[in-house]
Amino acid sequence: MFGRLGAPEIILILVVIILLFGAKKLPDMARSLGKSARILKSEAKAMKEDKSSAPADPPATGEQPPAQRTIQAAPGDVTSSRPVTDPTDTTKR
């Protein structure tokens, strides 16, 4: 239907993007996209670590909740690190 994209088509698409967003905003957009990708990657890694280290048995009702943990968004990026609490089931059944 669309066929393959060659060099002229890719160049045309890039020119249209530059015209739409402006050359000044493109580096900022790329930087924020990279930062978002790093945050997503670190969150996914933290979720995998949590699943692998999760206990097999659920905690008893009288036990203390675990301490808060901090997830780093990216190496050296301290502005977006924050404490994270595990979700609790608060629905009434």
Side-chain angles (χ1 to χ4, degrees):
M1 180 178 187
F2 290 107
R4 293 187 174 203
L5 290 178
E9 290 86 4
I10 293 174
I11 292 172
L12 180 64
I13 291 171
L14 291 175
V15 168
V16 169
I17 289 173
I18 290 173
L19 289 175
L20 285 176
F21 295 108
K24 291 182 180 181
K25 290 186 179 181
L26 287 177
D28 293 335
M29 290 173 55
R31 191 174 302 115
S32 66
L33 183 64
K35 188 180 280 189
S36 298
R38 283 192 303 272
I39 291 171
L40 180 65
K41 183 179 175 182
S42 68
E43 293 286 339
K45 183 179 177 184
M47 286 179 63
K48 279 185 180 179
E49 289 174 357
D50 285 348
K51 284 187 178 183
S52 65
S53 66
D57 297 326
T61 57
E63 292 183 14
Q64 294 289 334
Q68 281 190 345
R69 57 190 167 84
T70 301
I71 296 177
Q72 293 291 333
D77 185 15
V78 295
T79 59
S80 59
S81 62
R82 63 195 186 283
V84 177
T85 57
D86 291 323
T88 58
D89 188 7
T90 58
T91 58
K92 306 252 185 217
R93 295 179 191 203

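Residue pairs meeting the salt bridge (charged side-chain N to carboxylate O under 4.0 Å, His left out) criterion with at least one partner in residues 11-28, sequence neighbours excluded, are Asp28-Arg31.
Linking Ile, Leu, Val, Met, Phe, Trp and Tyr residues whenever their side-chain heavy atoms come within less than 4.5 Å leaves Leu33 and Met29 in two separate clusters.
In terms of the side chain to side chain contact (heavy atoms under 4.5 Å, CB included) criterion, residue partners of Leu19 (sequence neighbours excluded) are, by chain and number, Val15. Remark: Ile17 engages Ile13, Phe21, Leu26 in a side chain to side chain contact (heavy atoms under 4.5 Å, CB included) (not counting sequence neighbours).
Checked by atom type and distance alone, the side chain of Glu43 never pairs as donor or acceptor with a backbone atom of Leu40 at under 3.5 Å.
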Lys45/Glu49 under side chain to side chain contact (heavy atoms under 4.5 Å, CB included): CA gap, chis, key distance, verdict: CA-CA 6 Å; Lys45 183 179 177 184; Glu49 289 174 357; 3.6 Å; yes
